[in-house]
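Within every chain, numbering begins at 1; the chains are lettered A, B, ... in the order of the sequence lines, protein sequences first and strands thereafter.
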Amino acid sequence: MLKDLLEARLAPALHAAGAPEGSAVALTVSTKPEFGDYQMNGAMGAAKRLKRPPRELAEAVLAHAQLDDLVSEASIAGPGFINLRLREAVLEARLNPFEAEVLAPRGAGAEASRVVIDYSSPNLAKEMHVGHLRSTIIGDALARCFDHAGWNVLRQNHVGDWGTQFGMLLAFLNSLEADDGNRVAEAELSDLEQFYRRAKARFDEDPAFAALSRETVVKLQQGDPACRAAWQRFIDVSLSHCEALYGRLQVTLTREHVHAESAYNDALPGVIETLRDQGLLQESDGAQCVFLDEFKGKDDAPLPLIVQKSDGGYLYATTDLAAVRYRCDSLEADRALYLVDKRQGLHFKQVFAVAQAAGFITRPCSFEHMPFGTMLGEDGRPFRTRAGDVIKLSDLIDEAERRAEALVAEKNPALAAAERTEIAKAVALGAIKYADLSKHRNNDYVFSWDTMLSFDGNTAPYLQYAYSRIQSLFSKAGLAPESLKASVKLEAPQERALALVLLRTEEVLQQVRDQGLPHLLCTHLYEVATAFTAFYEHCPVLSAPDSGTQASRLALARRCGATLRQGLELLGIPVVQRM
RNA sequence: GGGCGCGUAGCUCAGUUGGAUAGAGCAUUCGGCUACGAACCGAAAGGUCGGGGGUUCGAAUCCUCCCGCGCCCGCCA
């Protein structure tokens, strides 16, 4: 990375200039072009700690730094900024062997570690709805980013397949089958949402049925074979629904990534046992709880994590503790990321703390809740239909594809129907995902069809468009991008600016992995696309002044296209040749 | 009551962990196709970064106190 290259020279220089051990170089991208490419801010911070004039320390840093081969201009500005401008030759050298850096995964490199990513994790009792979108999309983008960097990624779809509502559903299923026979019941399951609603209605109206439901839960949990078989059938149908949606969304989750709640059933008594052995368990109002000093409730009262109900039943805290154990011991993860709604922040803080206290974390593994906010409608309230119902994911995708198709037809009427549909699907998918991924996940965000499908600004269609323009260059030139042998020679300022942005990609991906923030990649790709259009406006490619310039510009365009395609792919968004 | 998070341009959002004159995109106003894709580009205008105080060379960012909103806080997940 460019940044590493400079830091490797600046860190020793900062030290040699007298800065205390561990002083940050604080190298950042320059805020303005006149400040060069990168700026080092660390001299000022270090000077403060040394109580020395910052400019003087900055001068000492420059005196000690060996930068000549990398930097064409290094100057001190303001209170003690060090502004650096990289040599074109350095940029060119790193730009040209692009296949190795951009296209090929780094494989078992420096970061070859194992990361568990817990995402999507819908409840199988119901059909997937927009509430599952964020975890699914953000988690999948992160999984792709870690994959690309050579991590061993262990996707975990922690689906909800256990719990009280399954008693109700199974009881309802049984009653339908008693009435109508199996075939009809299968048909009923084709619309899970409606099935759930009907079961719930009966549960609320019919006390006998409610009682039956509760009995059914007990039978299920005791392992009654008939009950288990019906449950398994229900789960299979529900999982198939999920898989169909994952397919439409081009999400990389498959059945092998499913590690359901029920998979931890056998481990739950052991969790309680260990907690008891560790002396962490306390009974409170009949429930088994863990109280840790760091968690306080009202009036400094201790705040429990309840791990076993007074009736002996286990809770999701118990399951999550078992999952921590499994992910640490059996999966041998180095990091475990939980893409779960931010409302569960306290829950995970407690679970991770209890797991630590109980010794469940037996090896260095960082457990990280990656919270995200709620998807809101344009009225600022949680995104729902007019009637107040949750919006089914399948309906959302249908609507996006319908709108995208109309849009593509309007913008490019010349396209044949088949290609138009293909493009519309790519645009729809990009719109849905990018709308979500381009915002900081921690905040709630407002869902808007118009913003989403807009072709302007920081949107997926804009990026897809930039990519298709590059492809158009190559098809007009009548050559395949791979066949190009020329290397990039940077001359125009727009070429240089584009090169610089492209070479920042790895830095950005590093941040995405460190912080679990895919929106940083979105922002970066948008910068790539705008830098490309500036280049495209000012630097004729096909009608370049000479063949050398043309070849160089094509090589730069190719590199840019590869970065856009790769970047979008890491976000789970497809590109198209034409649109 | 306690805890967590949020509050930045009319709207939707960034802000690289304390750095230079706070940035984009929509929308608005103006300008650019006999131009490799105008599905584009350029320009203008738009701000007391919720408010006060503090820390220092320097604060949207850190500390503190208020205001407003959201969420969480013992047997749902």
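Between the CG atom of A:Asn41 and the C1' atom of B:rC57 there is a distance of 14 Å, rounded to whole Å. In this structure, A:Leu169 places its CG atom 15 Å from C1' of B:rC76, rounding to the nearest Å. Taking atom CE of A:Met44 as the reference point, atom C1' of B:rG18 lies 9 Å away to the nearest angstrom. Residue A:Gln350 contributes atom CD, which lies 10 Å from atom C1' of B:rC72 at whole-angstrom precision. Residue A:Leu521 contributes atom CG, which lies 15 Å from atom P of B:rA14 at whole-angstrom precision. In this structure, A:Gln494 places its CD atom 16 Å from C1' of B:rC40, rounding to the nearest Å. Atom-to-atom, CD of A:Gln577 to P of B:rA39 comes out at 19 Å; the value is rounded to the nearest Å. One can place NE2 of A:His347 at 14 Å from C1' of B:rC73, the figure rounded to the nearest angstrom.
OP1 or OP2 of B:rG15 has not a single side-chain nitrogen or oxygen of A:His440 nearer than 4.0 Å. A close approach under 4.0 Å does occur between a side-chain nitrogen or oxygen of A:Lys476 and OP1 or OP2 of B:rG37. Contact check, A:Tyr462 against B:rC41: a side-chain N or O comes under 4.0 Å of OP1 or OP2. Contact check, A:Lys309 against B:rC76: a side-chain N or O comes under 4.0 Å of OP1 or OP2. At least one side-chain nitrogen or oxygen of A:Asn443 sits closer than 4.0 Å to the OP1 or OP2 atom of B:rA14. For B:rG37, one of the phosphate oxygens OP1 or OP2 lies less than 4.0 angstrom from a side-chain nitrogen or oxygen of A:Tyr536. Here A:Arg469 reaches the OP1 or OP2 of B:rA38: one of its side-chain N or O atoms lies under 4.0 Å away.
Ring pair A:Tyr445/A:Phe447 is tilted by interplanar angle, where 30° to 60° counts as tilted.
Partner assigned to B:rC26 is B:rG10, using Watson-Crick or G-U wobble distances below 3.5 angstrom. Nucleotide B:rU17 has no partner under the Watson-Crick or G-U criteria, as no pair reaches both atom distances under 3.5 Å. Under the Watson-Crick or G-U wobble criterion, with both distances below 3.5 Å, B:rC69 is paired with B:rG5. When both distances must be under 3.5 Å, the Watson-Crick or G-U wobble mate of B:rA38 does not exist. Nucleotide B:rU55 forms no Watson-Crick or G-U wobble pair with any nucleotide shown, as no partner meets the under 3.5 Å limit on both distances.
Spacing of P atoms, B:rG51 relative to B:rA22, comes out at 15 Å, to the nearest Å. Look at the P atom in both B:rC49 and B:rU34: the space between them is 46 Å, to the nearest Å. Comparing the C1' positions of B:rG68 and B:rA24 gives an interatomic distance of 27 Å, to the nearest angstrom. B:rA9 and B:rC66: their C1' atoms are spaced 26 Å apart (whole Å). B:rU55 and B:rG15 are spaced 29 Å apart, taking the P atom of each and rounding to whole Å. One C1' atom belongs to B:rG46, the other to B:rG10, and the distance between them is 9 Å to the nearest Å. Taking the P atoms as reference points, B:rG52 lies 15 Å from B:rU8, given to the whole Å. Across the P atoms, B:rG50 and B:rC13 are found 15 Å apart, a figure rounded to whole Å.
Using a 4.0 Å heavy-atom criterion, one finds that A:Asp161 contacts no nucleic acid atom at all. Nucleic acid contact for A:Tyr445: sugar-phosphate only, since backbone atoms but no base atoms lie under 4.0 Å from a heavy atom of the residue. Within 4.0 Å (heavy atoms only), A:Leu303 reaches sugar-phosphate atoms of the nucleic acid but no base atom. If you check every strand for non-hydrogen atoms under 4.0 Å, A:Asn123 touches nothing. Heavy atoms of A:Gly45 sit under 4.0 angstrom from at least one base atom. Among the atoms of the strands shown, only primed sugar atoms or phosphate atoms (P, OP1, OP2) are found under 4.0 Å from some heavy atom of A:Val446. When heavy atoms are screened at a 4.0 angstrom cut-off, A:Asp285 is found touching base atoms of the nucleic acid. Using a 4.0 Å heavy-atom distance criterion, A:Ala26 is classed as making no nucleic acid contact. Residue A:Cys539 is classed as a base contact, given a heavy-atom separation below 4.0 Å to a base. Among the heavy atoms of the strands lying under 4.0 Å from A:Gln344 is at least one base atom, whether or not backbone atoms are also near. Counting any heavy atom pair closer than 4.0 Å across all strands shown, A:Ser472 reaches a base atom. At a threshold of 4.0 angstrom between heavy atoms, the contacts of A:Ser468 include nucleobase atoms, whether or not backbone atoms are also involved.
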Exercise for review: Assess whether ring-ring contact (aromatic ring centres under 6.0 Å, His included) is satisfied between A:Tyr326 and A:His259, documenting all intermediate values.
Suggested key: CA-CA 11 Å; A:Tyr326 172 73; A:His259 202 88; 4.4 Å; yes
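The ring of A:Phe35 has its center no closer than 6.0 angstrom to the ring center of A:Phe81. Between A:His158 and A:Tyr316, the ring center distance fails the sub-6.0 Å criterion.
Between the side chain of A:Asp341 and the base of B:rA77 there is no donor-acceptor pair of N/O atoms closer than 3.5 Å. Checked by distance alone, A:Gln515 brings a side-chain donor or acceptor within 3.5 Å of a matching partner on the base of B:rU17. No N or O donor and acceptor, one from the side chain of A:Lys349 and one from the base of B:rG3, sit under 3.5 Å apart. Contact annotation: side chain of A:Gln39 to base of B:rA20, donor-acceptor pair present below 3.5 Å. At a cut-off of 3.5 angstrom, the base of B:rA39 holds no donor-acceptor pair with the side chain of A:Tyr465.
For the residue pair A:Glu368 and A:Ser366, a side-chain donor N or O sits within less than 3.5 Å of a side-chain acceptor on the partner. If you check the side chains of A:Asn458 and A:Tyr434, you find a donor sitting under 3.5 Å from an acceptor.
Cation-pi geometry between A:Arg327 and A:Tyr338 is met: the NZ or CZ atom falls under 6.0 Å from the ring centre, inside 45° of the normal.
The side chain of A:Glu537 sits closest to B:rC41 out of B:rC13, B:rG37, B:rC41. Here B:rA39 is the nucleotide among B:rA39, B:rC41, B:rC75 with the atom lying nearest to any side-chain atom of A:Lys411. Checked against B:rC36, B:rC57, B:rU16, the side chain of A:Lys48 finds its nearest nucleotide in B:rC57.
Between A:Leu498 and A:Leu556, some side-chain heavy-atom pair lies under the 4.5 Å cut-off.
A syn orientation is assigned to B:rG74, its glycosidic angle lying within 90° of 0. More than 90° away from 0 lies the glycosidic angle of B:rU34, which makes this nucleotide anti.
By the 5.5 Å and 30° criteria, A:Tyr526 is not stacked with the base of B:rA24.
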